[in-house]
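First the structure, in the form of structure tokens, and then the observations on it.
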Amino acid sequence: MAKPEANPNDERLHAMRHSLAHIMASAIQRLWPETKFGVGPVVENGFYYDIDNSDYKISEEDLLRIEKAMKKIVAADEPFERFEMPVDEAITWAKKYEQPYKLELLNDLKRSGTTVAKELDASELGLEAGKGSKIEDVSFYRNGDFTDLCRGPHVESTGKVGAFKLMRISGAYWRGDEKNPQMQRIYGVAFATEKELRQHLAMLEEAKKRDHRKLGEDLKLFFISDSVGAGLPLLMPRGETIKNELMKYMRAKEEARGYQYVATPVLTQSKLYERSGHASYYLENMYATKSDEEGNVFYLKPMNCPHHHMIYEKMVESYRDLPLRLSEHAGVYRYELSGTLTGLIRMRGPITQNDSHIYVTQNQVEAEFVDVLELFKEVYDETGVKDYWFRLSLPDFSKEKYAGQKKQWEWAGEIIRKSLKVTNSPFVEELDEAAFYGPKVDVQIKNVLGNEDSIATVQLDIVVPGRMNLTYVDAEGNKQHPYVIHKSIMGAFERFMAFLLEQTAGRLPVWLAPEQIRLVTVNQEKKTVEFAEKIAERAKELDLRLTIDDSNESVGKKIRNAELMKIPYIVVIGEKEIESGELLPRVRKDLEVSENHDPHTIEEFLKTIANDAKSRVSKTSL
RNA sequence: GCCACCUUAGCUCAGUUGGCUAGAGCGCCGCUUUCGUAAAGCGGAGGUCCGGGGUUCGAAUCCCCGAGGUGGCUCCA
């Protein structure tokens, strides 16, 4: 349970990948001599290079051409030569060869440290990130007729780079700033051996099958309709069943810990967001609706915090009322850029948030934070979320978006750090990831494609209670502002469902399975169907989700259909079962705990599954 | 929003350099069959080739505009 780190023994592989970035740049320079080059670093599983061709846009069809040219360079086995020159000389070089991006980097280097915005650039150029030391000489690498400003290291020659494949091409803003020109980024994957490359490509194919969007289609869970709009998914009965089970589960968990559920409107006047301060940060991402006769503008709520704060004001007068834990499963709407929308993971609405706000005194902050972190772990254990890690997201004070006083932020960060340590939570720290009103802990996982994603968050708000003038009276009779812990364990239920689907490849645990049992009749005779219906009735009494397939198909076909829907238990019903009154269930492979294939009485079978579902066990106890 | 690519039946996809009435498998409907643990047989229906405009004797195919999707970038309360 930790952030997967790059293996430090992989220096050789790192050099291979970095060398491939240069080889790709060489190939591109030979094909399109006017190309301006940005940076070309090593990334997970491979490398990329950012390039800018004003007269020709490279498309995916060109990748094969570039690959071919690269293979030629590899075959030529050109040596990589390293040499150094003074910065000023390098600047002359960049001017001569009309490489404006390299020139910009060199100018930054000359000024050193002060304007190197991204660590990426720094490591690329041989700067230690964060150090402001002046640079006298810079290093270059040359292979064949291609020379590049680079810190290295590289392999000895272009023949020693292992197996690679160019994957895709995308836009990328120069130095990650959307105000800068957009360059083309070409990605490749690379491994030491052909075999490892093939394995990686096979893994990507496998991951595609687990994509929650594909499972959503195959398992009839949800879809997105052009008529409704981008980012506005429609959940079908099976999808809604999963979501509802998750919501019931979380509500029971939270109520057991003293959270109280509330309900707030989806439509709200702008003045609430002006009071909370959200308006100045997020107005652009809020959906405005028709204004009323008095000219008040209403918004679809993008978050619940200010609404809960209103409830706080109504409920809390004294420190004796704290902590107050409010919770809501609320659908919010956020305008997200069209290019960012991704199935249930990034949508515009309704994003059903598992949202809580805990109002505490200063002395209660740490204990409450620890309690929240423990609840996180409990829920993830029980729902089977694995391989997650925590990220302590701190402000970057060189930016202006963080409100309040630096001292307060440092205190808040330290309390969270302490809570993480007390609960033995593995975590990394990152700057410039905090909310505008306080530092937070994000729960990070890797999705099927190996990208990092946040599934949940808990934030310590040190700003908004003061801004909204939320108060309580302390033991000495003085007015105080409370602290607010914003927490969301499952994030949005839709998104959490998507993660579970990808992690389980659609084989959800029994308690979450939209259909838990399917009865397959051998024939369509009356007594067979009636027998199945009798079982179905009992299942309903036990709150089990069971369906009967008595369609006019072969038994083999009906079993296949049920298997494809990843239904946990399939039971064939025919003469044998009617006579014995016993069932021999076909148990989904991932659920089997032993080689127990004995028949069960109907009551025994149904009750066991009902108990498993109720206690939310992940394996069958049949 | 930006860059590249994609969009043909409910789903997955064919459709040669522009040229017969746009095809297949699965699914769906009907009939036959009444079946024992991953696909029974036969027949049928089903299309605004994403939308709009243009080029052409002729457009699913070429060009322009728009929408939606995919992968990234930027953003993420």
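Every chain is numbered from 1 and lettered A, B, ... according to where its sequence line falls, protein lines coming before strand lines.
Considering only side-chain atoms of A:Q524, the nucleotide from B:rU74, B:rU34, B:rU37 that sits closest is B:rU34. Considering only the side chain of A:I559, B:rA38 comes nearest among B:rA4, B:rA38, B:rA40. Among the nucleotides B:rA40, B:rU34, B:rA4, the one closest to the side chain of A:S554 is B:rA40. Checking B:rU74, B:rA38, B:rG71 against the side-chain heavy atoms of A:E563 singles out B:rA38 as nearest. Among B:rG68, B:rU37, B:rU74, the nucleotide with an atom closest to any side-chain atom of A:T340 is B:rU74. Between B:rC35, B:rA77, B:rA40, one nucleotide has an atom nearer to the side chain of A:Y282 than all others, and that is B:rA77.
The distance between atom CZ of A:F223 and atom C1' of B:rG69, rounded to the nearest whole Å, is 16 Å. Atom-to-atom, CD of A:E553 to C1' of B:rC29 comes out at 13 Å; the value is rounded to the nearest Å. Across the protein-nucleic acid pair, A:R507 atom CZ and B:rA38 atom P stand 16 Å apart, rounded to whole Å. As a whole-Å value, the separation of A:I462 CD1 from B:rA77 C1' is 15 Å. Between the CD1 atom of A:I345 and the P atom of B:rG71 there is a distance of 10 Å, given to the nearest Å. Remark: C1' of B:rG10 and CE of A:M236 are 11 Å apart, rounded to the nearest angstrom. Between A:I517 atom CD1 and B:rU37 atom P the separation is 21 Å, expressed in whole Å. The distance between atom CE of A:M347 and atom P of B:rG69, rounded to the nearest whole Å, is 13 Å.
Backbone-only engagement by A:Y187 is indicated by non-hydrogen atom pairs under 4.0 Å involving sugar-phosphate atoms exclusively. Heavy atoms of A:N561 sit nowhere under 4.0 angstrom from any nucleic acid atom. Using a 4.0 Å heavy-atom distance criterion, A:K576 is classed as a base contact. Among the atoms of the strands shown, only primed sugar atoms or phosphate atoms (P, OP1, OP2) are found under 4.0 Å from some heavy atom of A:E525. Note on A:I570: nothing from the nucleic acid sits closer than 4.0 angstrom, heavy atoms only. Looking at heavy-atom distances under 4.0 Å, A:Y281 makes no contact with the nucleic acid at all. Residue contacts for A:K214: at a heavy-atom cut-off of 4.0 Å it reaches no nucleic acid atom on any strand shown. If you check every strand for non-hydrogen atoms under 4.0 Å, A:G556 touches sugar and phosphate atoms only.
Each of A:I58 and A:A172 was matched to the nucleotide of RNA chain B holding its nearest heavy atom; the match closer to the 5' end belongs to A:I58. Position along RNA chain B of the nearest nucleotide to A:V555 versus A:E60 favours A:E60 as the more 5'-ward residue.
Rounded to a whole angstrom, the distance from the C1' atom of B:rG69 to that of B:rU32 is 43 Å. Only the P atoms considered, B:rA67 is 37 Å distant from B:rC28, to the nearest whole Å. One C1' atom belongs to B:rG47, the other to B:rG10, and the distance between them is 12 Å to the nearest Å. B:rG15 and B:rA24 are spaced 11 Å apart, taking the C1' atom of each and rounding to whole Å. With both ends at atom C1', the span from B:rG68 to B:rG25 equals 26 Å, rounded to whole Å. Taking atom C1' in both B:rU12 and B:rC6, one finds a spacing of 15 Å when rounded to whole Å. For the P atoms, the distance linking B:rA9 with B:rG23 amounts to 14 Å, nearest Å. Taking atom C1' on both nucleotides, B:rU55 is separated from B:rC64 by 11 Å, rounded to a whole Å.
Residue A:R213 places at least one side-chain N or O closer than 4.0 Å to OP1 or OP2 of B:rG71. Put simply, A:S338 has a side-chain N or O that comes within less than 4.0 Å of OP1 or OP2 on B:rG1. Put simply, A:K557 has a side-chain N or O that comes within less than 4.0 Å of OP1 or OP2 on B:rG27. Here A:Y273 does not reach the OP1 or OP2 of B:rA77: none of its side-chain N or O atoms lies under 4.0 Å away.
Listed here is the closest heavy atom pair of A:M310 and A:L272: SD-CD1, 3.5 Å.
Within the 4.5 Å cutoff, no side-chain heavy atoms of A:L219 are placed close to those of A:R238. In this structure, the side chains of A:T264 and A:K301 come closer than 4.5 Å at one or more pairs of heavy atoms.
Judged by distance alone, with hydrogens and angles left aside, A:Y48 brings no side-chain donor or acceptor close enough to the base of B:rG72 to form a pair under 3.5 Å. Residue side chain A:N552 reaches the base of B:rU33 through a donor-acceptor N/O pair under 3.5 Å, judged by distance alone. With hydrogens and angles ignored, a donor-acceptor pair under 3.5 angstrom links the side chain of A:R346 to the base of B:rC75. Interface remark: the A:R586 side chain does form a donor-acceptor pair with the B:rA38 base, using a distance-only criterion of under 3.5 Å. Judged by distance alone with a 3.5 Å cut-off, a donor-acceptor contact links the side chain of A:E577 to the base of B:rG36.
Side-chain polar atoms of A:T35 and A:N53 form a donor-acceptor pair below 3.5 angstrom.
Using a distance-only test at 3.5 Å, with no hydrogens or angles considered, a donor-acceptor pair links the side chain of A:H212 to the main chain of A:L344.
Geometrically, A:R17 does not engage A:F47 in a cation-pi contact defined by less than 6.0 Å to the ring centre and at most 45° from the axis.
Taking the six-membered ring for Trp and the full ring otherwise, the centers of A:H486 and A:Y437 sit less than 6.0 Å from each other.
Salt bridge absent: A:E433 and A:K440 never bring a charged side-chain N and a carboxylate O closer than 4.0 Å.
Pair assignment for B:rA45 gives none, since no Watson-Crick or G-U wobble pairing has each distance under 3.5 Å. With a cut-off of 3.5 Å on both pairing distances, the Watson-Crick or G-U wobble partner of B:rC5 is B:rG69.
A side-chain contact (heavy atoms from CB on, under 4.5 Å) with A:P302 holds for exactly one of A:Y273, A:Y282, A:Y287, A:Y333; it is A:Y273.
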